[in-house]
*Asks:* 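After the structure tokens below, expect a handful of questions from me.
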Amino acid sequence: MTRTAGYGTEHELVDYIHGITYEIWEQRGVELIGDYYGAQMPLYTLGGVIRGAQAVIDNTWATLAAYPDRRLLAEAVITSGTVSAGFSSHRIFSPMTNLGASNWGPATGRQVTVRTIADCRVEDGRIVEEWLARDNAELASQLGLALPTLARSQRPDADARAWQQTQIARVRSEAGAQTDFCHDVLRLYWTGRSDADREVLITPYAVRHLDTQHSVSGREAVIESYREEVAAFSDVVIAVDQVTRQRWAGSGEEYAVRYSLAATHTGTYLGIAATQRPVYVMGIAHWRLVAGRLATQWDVVDRLALLAQLV
């Protein structure tokens, strides 16, 4: 196929991201990835790095073989810059049915939903880097699959593990270098500590969307929703890797925050007892701020890829 939308550098970045996603997924123009993605671009996931547009094409066809009715419905696109030189963070809701086999096993016939956030760096009308977060543990649970068993089949290979180790070293080397609002919120969530009072950071009516099925409301409930992660990991160090902001609803703001954690697995996590192993976590969150405080958030971490580091 050839490019049909003709998105050039004069188009707004939000229009570009909506448009190419629709062409590739809704219209099944998968081969257009070769037009819209750089030939050697890296796509970073918590499970490892996928390299090159052709690998993205192959993975997309494999996903559609397992979920032929999959749709990518945009919930938000947070951007800065232009199609010539810009950055986007795209939050996507996907309903789909598992009608084909995948590397997770045979088709289950189940209807499922999952949320994805994709961060993309765009240059001259092409995506040259992408960071992808999708909670595959949520997806596996809806399919009726046992997480520890599935995680064992998804263990990182040598290249992925080496990349995770470099990220752990990077995050620990950056410890203490960041003190901004985003870092302070993440420290409060993941360690229970912050340089500012929680009342200054988070509205009393805050809402956290944990996944497509579950949400919590109220400042203390949002903070408590991180309890399982906090209890399972210690020696947590946080790096804020990318922040993209735009205006929202008059005086409000929307933030896209990509972050990394380095930690040690010292407690039970999703059925896996403490291993004392070092782990790397990559998360992407979308936040809505009202009067400078966090009011609504969507937070996506691939918990299955995290679990695969522990088995």
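For this chain, numbers begin at 1 and follow the sequence in order.
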*Asks:* Can you list the steps and then say if V279 with L310 is a side chain to side chain contact (heavy atoms under 4.5 Å, CB included)?
*Replies:* CA-CA 8 Å; V279 297; L310 308 178; 3.2 Å; yes

*Asks:* Looking only at atom types and distance, does a side-chain atom of R219 sit under 3.5 Å from a main-chain N or O of I202, one as donor and one as acceptor?
*Replies:*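 Yes, the answer is positive, given that a donor and an acceptor are paired below the 3.5 Å cut-off.
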
*Asks:* Determine whether more than 12 heavy atoms belonging to other residues, nucleotides or ligands lie under 6.0 Å from atom CD of Q40.
*Replies:*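 No, the 6.0 Å shell around CD holds no more than 12 heavy atoms from other groups.
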
*Asks:* State, to 0.1 Å, how close N103 and Q154 come at their nearest heavy-atom pair, and which atoms those are.
*Replies:*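 N103 and Q154 have their closest heavy atoms at O-NE2, 4.0 Å.
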
*Asks:* Let's go through L13 and T82 carefully: what are the C-alpha distance in whole Å and the side-chain angles of both, what is the deciding distance for side chain to side chain contact (heavy atoms under 4.5 Å, CB included) to 0.1 Å, and is it a yes or a no?
*Replies:* CA-CA 5 Å; L13 188 50; T82 67; 5.8 Å; no

*Asks:* Should R70 and T63 count as side-chain neighbours, where that means a heavy-atom distance under 4.5 Å?
*Replies:*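 Yes, their side chains come closer than 4.5 Å.
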
*Asks:* Apply side chain to side chain donor-acceptor pair (under 3.5 Å) to the pair Q309 and R161, showing each step before the final yes or no.
*Replies:* CA-CA 8 Å; Q309 296 179 56; R161 190 59 183 164; 3.3 Å; yes

*Asks:* Taking N136 for the side chain and L139 for the main chain, is one N or O donor matched with an acceptor at less than 3.5 Å?
*Replies:*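 Such a contact is absent between N136 side chain and L139 backbone.
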
*Asks:* Quick one: hydrophobic cluster around V290, which other residues, with the 4.5 Å side-chain cut-off, linked directly or via members?
*Replies:*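 Taking Ile, Leu, Val, Met, Phe, Trp and Tyr as members, V290 shares its hydrophobic cluster with Y205, W248.
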
*Asks:* Apply the test side chain to side chain donor-acceptor pair (under 3.5 Å) to residues Y44 and D241: give CA-CA distance (whole Å), side-chain angles for both, the deciding distance (0.1 Å), then the verdict.
*Replies:* CA-CA 13 Å; Y44 303 99; D241 299 324; over 6 Å; no

*Asks:* Can you tell me how far CH2 of W131 sits from CD of E129, rounded to the nearest 0.5 angstrom?
*Replies:*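 So the gap between those two atoms works out to 3.5 Å.
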
*Asks:* Considering only heavy atoms from C-beta outward, does the side chain of L307 approach that of Y269 to under 4.5 Å?
*Replies:*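 They are in contact (side-chain heavy atoms under 4.5 Å apart), so the answer is yes.
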
*Asks:* Can you check side chain to side chain contact (heavy atoms under 4.5 Å, CB included) on V301 and D135, steps first, answer last?
*Replies:* CA-CA 5 Å; V301 172; D135 188 1; over 6 Å; no

*Asks:* If you apply the rule side chain to side chain donor-acceptor pair (under 3.5 Å), what do you find for E130 with Y37, and how did you get there?
*Replies:* CA-CA 10 Å; E130 183 170 345; Y37 281 65; 2.9 Å; yes

*Asks:* Transitive ILVMFWY cluster of L73 at side-chain heavy atoms under 4.5 Å: who else is in it?
*Replies:*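 Members other than L73 - counting any ILVMFWY side chain reachable under 4.5 Å - are F93.
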
*Asks:* Side-chain heavy atoms under 4.5 angstrom apart, residues restricted to Ile, Leu, Val, Met, Phe, Trp, Tyr: same cluster for W104 and L99?
*Replies:*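 W104 does not cluster with L99.
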
*Asks:* Measuring from L147:CG to S141:OG, what's the distance to the nearest 0.5 Å?
*Replies:*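 So the gap between those two atoms works out to 4.0 Å.
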
*Asks:* Can you name the residues that form a ring pair (Phe, Tyr, Trp, His ring centres under 6.0 Å) with W298, not counting sequence neighbours?
*Replies:*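 In terms of ring pair (Phe, Tyr, Trp, His ring centres under 6.0 Å), with neighbours along the sequence ignored, W298 is linked to H209.
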
*Asks:* Would you check if the side chain of R152 reaches a backbone N or O of A308 as a donor-acceptor pair within less than 3.5 Å?
*Replies:*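 No, the answer is negative, given that no donor and acceptor are paired below the 3.5 Å cut-off.
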
*Asks:* Rounded to the nearest 0.5 Å, how far does OG1 of T108 lie from CG of L143?
*Replies:*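 Answer for the CG-OG1 pair, L143 versus T108, is 4.5 Å.
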
*Asks:* Does any part of the side chain of V114, heavy atoms only, come nearer than 4.5 Å to the side chain of E138, both counted from C-beta?
*Replies:*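 SC-SC contact between E138 and V114 confirmed.
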
*Asks:* Applying side chain to side chain donor-acceptor pair (under 3.5 Å), which residue pairs with at least one partner in residues 280-290 are found, sequence neighbours left out?
*Replies:*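 For residues 280-290: S89-H286, R91-H286, E254-R288, S260-Y280.
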
*Asks:* Any donor and acceptor pair, going by atom type alone, linking the side chain of D197 with main-chain N or O of V200 inside 3.5 Å?
*Replies:*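 No: the side chain of D197 does not pair with the backbone of V200.
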
*Asks:* State, yes or no, whether a side-chain contact exists between R187 and D184 at a heavy-atom distance under 4.5 Å.
*Replies:*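 Yes, close enough: below the 4.5 Å cut-off.
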
*Asks:* Using side chain to side chain contact (heavy atoms under 4.5 Å, CB included), reason through Y255 and T244 one step at a time and then give a plain yes or no.
*Replies:* CA-CA 6 Å; Y255 279 43; T244 307; over 6 Å; no

*Asks:* Nearest 0.5 Å, what's the OH-CD distance between Y67 and Q111?
*Replies:*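 The CD atom of Q111 is 12.5 Å from OH of Y67, to the nearest 0.5 Å.
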
*Asks:* Spell out, as yes or no, whether a donor-acceptor pair under 3.5 Å connects the side chain of D69 to the backbone of R71.
*Replies:*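 Not at all, since once roles are kept as given, no pair shorter than 3.5 Å links the two residues.
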
*Asks:* Check R121 with E123, please: is the shortest side-chain N to carboxylate O separation under 4.0 Å?
*Replies:*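 Looking at E123 and R121, the cut-off is met.
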
*Asks:* Between R110 and Q142 (side chain of the first, backbone of the second, donor and acceptor by atom type, cut-off under 3.5 Å), is there such a pair?
*Replies:*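 Such a contact is found between R110 side chain and Q142 backbone.
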
*Asks:* Are the side chains of N59 and I50 in touch, meaning some heavy atoms are under 4.5 Å apart?
*Replies:*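 Yes, at least one pair of side-chain atoms sits under 4.5 Å.
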
*Asks:* Do F181 and L289 make a side-chain contact, defined as non-hydrogen atoms from C-beta onward lying under 4.5 Å apart?
*Replies:*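 Result yes, sub-4.5 Å side-chain heavy-atom pair found.
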
*Asks:* Are side-chain heavy atoms of I78 and S88 found at a separation under 4.5 Å?
*Replies:*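 With C-beta onward as the side chain, the pair stays apart.
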
*Asks:* Which atom names give the shortest non-hydrogen contact between A101 and A66, and what distance separates them?
*Replies:*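 That closest heavy-atom pairing would be O-CB, 3.7 Å.
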
*Asks:* Should V207 and L201 be counted in the same cluster of Ile, Leu, Val, Met, Phe, Trp and Tyr side chains packed under 4.5 Å apart?
*Replies:*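 No; L201 is not reachable from V207 via cluster members.
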
*Asks:* If you compare all heavy atoms of A273 against all heavy atoms of T268, which two are closest, and at what distance to 0.1 Å?
*Replies:*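 What the structure gives for the nearest pair is CA-OG1, 3.8 Å.
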
*Asks:* I'd like to know if the side chain of T21 and the backbone of H18 have a donor-acceptor N/O pair within less than 3.5 Å.
*Replies:*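 Checked: no pair found.
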
*Asks:* Between D211 (side chain) and R115 (backbone), is there a donor-acceptor pair under 3.5 Å?
*Replies:*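 Not a single qualifying donor-acceptor pair exists.
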
*Asks:* Of V56, D58, I127, which is the lone residue that meets side chain to side chain contact (heavy atoms under 4.5 Å, CB included) with I33?
*Replies:*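 Only one of V56, D58, I127 forms a side chain to side chain contact (heavy atoms under 4.5 Å, CB included) with I33, namely V56.
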
*Asks:* Can you get from L64 to Y36 by hopping between Ile, Leu, Val, Met, Phe, Trp and Tyr side chains that sit under 4.5 Å apart?
*Replies:*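 Cluster IDs for L64 and Y36 match.
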
*Asks:* State whether D235 and R172 are salt-bridged, where the test is any N-O pair (Lys NZ or Arg NE/NH1/NH2 against Asp/Glu carboxylate O) under 4.0 Å.
*Replies:*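 R172 and D235: salt-bridged.
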
*Asks:* For S234, what residues pass the side-chain contact (heavy atoms from CB on, under 4.5 Å) criterion, not counting sequence neighbours?
*Replies:*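 Per chain and number, S234 pairs via side-chain contact (heavy atoms from CB on, under 4.5 Å) with T264, T266.
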
*Asks:* Would R208 and D299 satisfy salt bridge (charged side-chain N to carboxylate O under 4.0 Å, His left out), going step by step from the backbone distance to the final call?
*Replies:* CA-CA 8 Å; R208 181 190 182 198; D299 193 20; 3.3 Å; yes

*Asks:* CD of E12 to CD1 of I17: how many Å apart, nearest 0.5 Å?
*Replies:*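 Going from CD on E12 over to CD1 on I17, the span is 12.5 Å.
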
*Asks:* Testing the basics here: between A305 and G47, what is the closest heavy-atom pair and its distance to 0.1 Å?
*Replies:*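 Nearest pair, atom of A305 first, then G47: CB-N, 3.9 Å.
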
*Asks:* Can you confirm whether I117 sits close enough to V300 that some side-chain heavy atom of one is under 4.5 Å from a side-chain heavy atom of the other?
*Replies:*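 Yes. Closest side-chain heavy atoms under 4.5 Å.
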
*Asks:* Going hydrophobic residue to hydrophobic residue with side-chain gaps under 4.5 angstrom, can you get from L270 over to L304?
*Replies:*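 Yes, L270 connects to L304 through the hydrophobic network.
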
*Asks:* At their closest point, which heavy atom of R51 faces which heavy atom of P42, and how far apart are they?
*Replies:*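 R51 and P42 have their closest heavy atoms at NH1-CB, 3.8 Å.
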
*Asks:* Go through the structure and list residues passing ring pair (Phe, Tyr, Trp, His ring centres under 6.0 Å) with Y189, not counting sequence neighbours.
*Replies:*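 Applying ring pair (Phe, Tyr, Trp, His ring centres under 6.0 Å) to Y189 gives Y226.
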
*Asks:* Once you round to the nearest 0.5 Å, how far does CG of L294 lie from CD of E253?
*Replies:*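 With rounding to 0.5 Å, CG (L294) is 11.5 Å from CD (E253).
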
*Asks:* Report yes or no: does T191 contribute a side-chain atom to a donor-acceptor pair with the main-chain N or O of L188 at less than 3.5 Å?
*Replies:*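 Such a contact is absent between T191 side chain and L188 backbone.
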
*Asks:* Is V77 reachable from Y22 through a run of hydrophobic residues whose side-chain heavy atoms are each under 4.5 Å from the next?
*Replies:*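 No, no single cluster joins them.
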
*Asks:* Please check if the side chain of R126 supplies one atom and the backbone of G34 the other of a donor-acceptor pair under 3.5 Å.
*Replies:*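 Present.
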
*Asks:* Look at the aromatic rings of F233 and H265 and report parallel, tilted or perpendicular, splitting at 30° and 60°.
*Replies:*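 It falls in the tilted class, 30° to 60°.
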
